[in-house]
Amino acid sequence: MRLALLRGPDPDHLDVVHEGETFRVALRRRPTARRLTLRVSSATGEVVMTLPARTSLAVARTFAIGHGGWIAMRLARLPERVAFEAGAILPLRGVPHRIAHRAGTGGLTRVEPNPDGPSISVACEEPHIARRIGDFLEREARRDLTAAVKTYAAAIGRTPTRITVRDTRSRWGSCTAQGALNFSWRLILAPPVVLDYLVAHEMAHLREMNHSPRFWDLVGSICPNVDEAERWLKRNGSSLHRYG
């Protein structure tokens, strides 16, 4: 590791120019890495290069530049982001809803029926629309998640120590050894069978902290939509990160 000490600290990123576009590539040096790797996060659009401990920055830069076309292609394939702003359409429980900005600054954010489809109606000053919509979606997610947890607690005879709802990027849900459940609020954007399945999955971990056949037998015995939800997540899960 003496060479690494002499080399000095790495920058946090490299800029890669390809056909007139500049791409920011974050650097992550990992002692366990055996080769240079590049990945593009479908959740955030971040480009990350992982370096082995002894790989020089010059070699890493050459590698990144040589993959400029690949980076451009992967970024171009990412779904277009949808900001939480007036007129934007986003799914709520899998159903498209339009964000409607109504006059005034008072009143709750709410779902309203309309001839051309349902809307999420928000009353606030325009700069606050995104925050109000985000808060609304998180509340709706917490409500549905709490109800599903209650249902599955009765089914398996276990209750979690805590339920946390936040904007997780790597997992839709998790269960700690202490029995605390964590979920992504973005599950409220998916069809209800998906949220229901994720709750069943994590609740089952309160009895089986593994992914053994016994665990999957338990999940299948309490949740009828395992295959449907898994297929939906595989095909559409990454798209949920494009909103907001």
Side-chain angles (χ1 to χ4, degrees), residues 26 39-46 48 77-85 88-97 99 109 111 120 122 129-153 155-156 158-206 208-211 215-216 219 222-244:
R39 66 177 178 85
V40 176
S41 170
S42 59
T44 64
E46 183 182 31
V48 178
R77 289 180 177 176
L78 293 179
E80 184 178 353
R81 298 200 64 82
V82 178
F84 290 160
E85 59 188 13
I89 297 176
L90 58 92
L92 176 62
R93 300 181 179 92
V95 177
H97 285 62
I99 298 176
T109 303
V111 173
I120 302 174
V122 55
I129 291 176
R131 177 180 58 81
R132 292 288 295 273
I133 292 295
D135 290 347
F136 168 79
L137 293 173
E138 186 171 328
R139 286 195 304 271
E140 292 296 295
R142 183 177 295 278
R143 185 174 70 177
D144 286 13
L145 289 163
T146 300
V149 165
K150 184 177 180 180
T151 297
Y152 286 113
I156 69 170
R158 302 285 177 88
T159 57
T161 57
R162 185 177 70 252
I163 303 172
T164 301
V165 181
R166 54 191 177 188
D167 191 9
T168 56
R169 295 289 180 173
S170 59
R171 295 182 180 181
W172 298 115
S174 63
C175 176
T176 71
Q178 293 73 38
L181 302 185
N182 306 291
F183 295 102
S184 169
W185 65 258
R186 293 178 182 274
L187 291 174
I188 199 63
L189 304 175
V193 294
V194 176
L195 180 146
D196 182 78
Y197 158 65
L198 262 299
V199 172
H201 185 114
E202 301 309 331
M203 287 292 290
H205 279 312
L206 295 178
E208 297 288 341
M209 186 56 78
N210 52 60
H211 286 102
F215 165 82
W216 287 110
V219 175
I222 61 176
C223 178
N225 303 307
V226 174
D227 292 340
E228 179 185 356
E230 286 275 12
R231 283 195 301 269
W232 193 96
L233 283 169
K234 184 176 181 179
R235 295 172 182 170
N236 307 292
S238 62
S239 69
L240 300 184
H241 291 289
R242 64 191 288 239
Y243 297 98

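Source: prediction; values computed, not measured. No hydrogens, no waters, no symmetry mates; every other heavy atom, side chains included, goes into these values.
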Does the side-chain contact (heavy atoms from CB on, under 4.5 Å) test come out yes or no for Ile120 and Thr109, once each step is laid out?
-> CA-CA 7 Å; Ile120 302 174; Thr109 303; 3.7 Å; yes
Start with the C-alpha gap between Met203 and Val149, add the side-chain angles, then the distance that decides, and say whether side-chain contact (heavy atoms from CB on, under 4.5 Å) holds.
-> CA-CA 7 Å; Met203 287 292 290; Val149 165; 3.9 Å; yes
Test side-chain contact (heavy atoms from CB on, under 4.5 Å) applied to Arg166 and Glu138, step by step | CA-CA 8 Å; Arg166 54 191 177 188; Glu138 186 171 328; over 6 Å; no
Step by step, work out the side-chain contact (heavy atoms from CB on, under 4.5 Å) result for His241 and Thr44.
-> CA-CA 7 Å; His241 291 289; Thr44 64; over 6 Å; no
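Residues Ala155 and Ile222 come closest through the heavy atom pair CB-CG2, 4.2 Å. Closest non-hydrogen pair, Thr161 versus Ala180, comes out as OG1-N, 3.3 Å. Contact record, Cys223 with Asp196: SG-OD2, 3.9 Å, taken as the closest heavy-atom pair. Across all non-hydrogen atoms, the minimal contact from Phe183 to Leu145 is CB-CD1, 3.6 Å. The two atoms that bring Leu181 and Glu202 nearest to each other are CD2-O, 3.8 Å, heavy atoms only. Shortest non-hydrogen contact noted between Leu78 and Gly45 is CD1-CA, 3.6 Å.
Residues Thr151 and Val199 are not in side-chain contact: their nearest non-hydrogen atoms beyond the backbone lie 4.5 Å or more apart. In this structure the side chain of Asp144 reaches within 4.5 angstrom of the side chain of Arg93, judged on heavy atoms. Here the side chains of Pro191 and Val194 are in contact, with some heavy-atom distance below 4.5 Å. A 4.5 Å side-chain heavy-atom check between Val219 and Phe215 finds at least one atom pair inside the cut-off. In this structure, the side chains of Leu137 and Tyr243 stay at 4.5 Å or more apart for every pair of heavy atoms. Contact check for His211 versus His201: side-chain heavy atoms found under the 4.5 Å cut-off. With a 4.5 Å cut-off on side-chain heavy atoms, Phe84 and Val122 do not count as touching.
To the nearest 0.5 Å, the span separating CZ on Arg132 from CD1 on Ile99 amounts to 12.5 Å. Once rounded to the nearest 0.5 Å, the distance linking CG of Leu198 with OG of Ser184 reads 9.0 Å. With values rounded to the nearest 0.5 angstrom, Leu189 atom CG is found 11.0 Å from His97 atom NE2. Atom CG of residue Leu90 and atom CD1 of residue Ile188 lie 11.0 Å apart, to the nearest 0.5 angstrom. Note that CZ of Phe136 is 5.5 Å distant from CG of Leu92, once rounded to the nearest 0.5 Å. Here the CZ-CG distance, from Arg171 to Asn182, works out to 9.5 Å after rounding to the nearest 0.5 Å.
One finds a salt bridge joining Arg131 and Asp135 here, because a Lys/Arg side-chain nitrogen approaches an Asp/Glu carboxylate oxygen to under 4.0 Å. Using a 4.0 Å cut-off between a side-chain N of Lys or Arg and a carboxylate O of Asp or Glu, Glu228 and Arg231 do not qualify as a salt bridge.
Here the side chain of Arg158 pairs a donor or acceptor atom with the backbone of Leu206 at under 3.5 angstrom. One N or O on the side chain of Arg81 and one on the backbone of Gly244 form a donor-acceptor pair closer than 3.5 Å.
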